[in-house]
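These notes are about the structure you will find just below.
Hydrogens, waters and symmetry mates are skipped; everything else that's a heavy atom, side chains included, is used.
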Amino acid sequence: TTTTTTTTLPLALSSTMVVVVSDRDEYLKTARDLGMYTCRVRPMNAIRRRGGGVSTHFTIDDISKVEDVVNEINGISFNTVLTR
């Protein structure tokens, strides 16, 4: 027997308003399949696996770079802010 679960987002959020940040393929695949933005955290010293894996919209090497990802999605350029 298989069970299908449906995810509804509260507060009338659309899936394109959500960024899932993780190092786990299961979470990233589910988020991608639901139409959410995905961001893999892969530390620079992490062993890279061959094959498998899940393609993501963004890959960062440090959690502190999530803000950069959100700014890119929102169309905010660091250079634009500096030139104001």
Side-chain angles (χ1 to χ4, degrees):
T1 307
T2 57
T3 305
T4 304
T5 54
T6 305
T7 304
T8 51
L9 301 173
L11 305 173
L13 291 175
S14 73
S15 60
T16 58
M17 296 174 72
V18 177
V19 181
V20 174
V21 180
S22 181
D23 62 349
R24 298 185 57 153
D25 283 347
E26 312 85 60
Y27 298 165
L28 295 167
K29 181 181 183 322
T30 300
R32 185 195 63 199
D33 292 349
L34 290 171
M36 299 174 188
Y37 285 104
T38 54
C39 178
R40 177 184 305 280
V41 179
R42 181 182 292 147
M44 291 176 69
N45 61 351
I47 298 171
R48 298 188 188 261
R49 291 178 290 161
R50 290 187 175 198
V54 175
S55 62
T56 59
H57 295 97
F58 303 92
T59 301
I60 56 176
D61 59 10
D62 186 87
I63 198 72
S64 67
K65 296 184 179 164
V66 171
E67 183 177 7
D68 296 335
V69 169
V70 172
N71 286 341
E72 185 169 337
I73 291 169
N74 289 329
I76 299 170
S77 167
F78 183 72
N79 291 331
T80 301
V81 174
L82 287 179
T83 60
R84 287 186 180 177

Has H57 got a side-chain atom pairing as donor or acceptor with Y37's backbone, closer than 3.5 angstrom? no

Between G53 and D25, which heavy-atom pair has the shortest distance, and what is it? CA-OD2, 3.3 Å

4.5 Å side-chain heavy-atom contact, D62 and P43: no

Answer with yes or no whether the hydrophobic clustering places V18 together with V21; edges join I, L, V, M, F, W, Y residues whose side-chain heavy atoms lie under 4.5 Å apart. no

With a 4.5 Å heavy-atom cut-off, do R42 and I60 have their side chains touching? no

I want to check something: taking the side chain as every heavy atom from C-beta on, are L28 and R24 in contact at a cut-off of under 4.5 Å? no

Could you walk me through whether T38 and V19 pass the side chain to side chain contact (heavy atoms under 4.5 Å, CB included) test, one step at a time? CA-CA 6 Å; T38 54; V19 181; over 6 Å; no

To the nearest 0.5 Å, what is the distance between CG (D61) and CZ (R40)? 13.5 Å

Would you call R32 and S55 a side-chain contact if the rule is heavy atoms closer than 4.5 Å? yes

Residue list, ring-ring contact (aromatic ring centres under 6.0 Å, His included) with F58, at least two apart or on another chain: none

When hydrophobic residues are tied together by side-chain contacts of less than 4.5 Å, even through go-betweens, does I73 share a cluster with V41? yes

Hey, could you give me each pair passing salt bridge (charged side-chain N to carboxylate O under 4.0 Å, His left out) that has a residue in residues 67-76? Not counting sequence neighbours. none

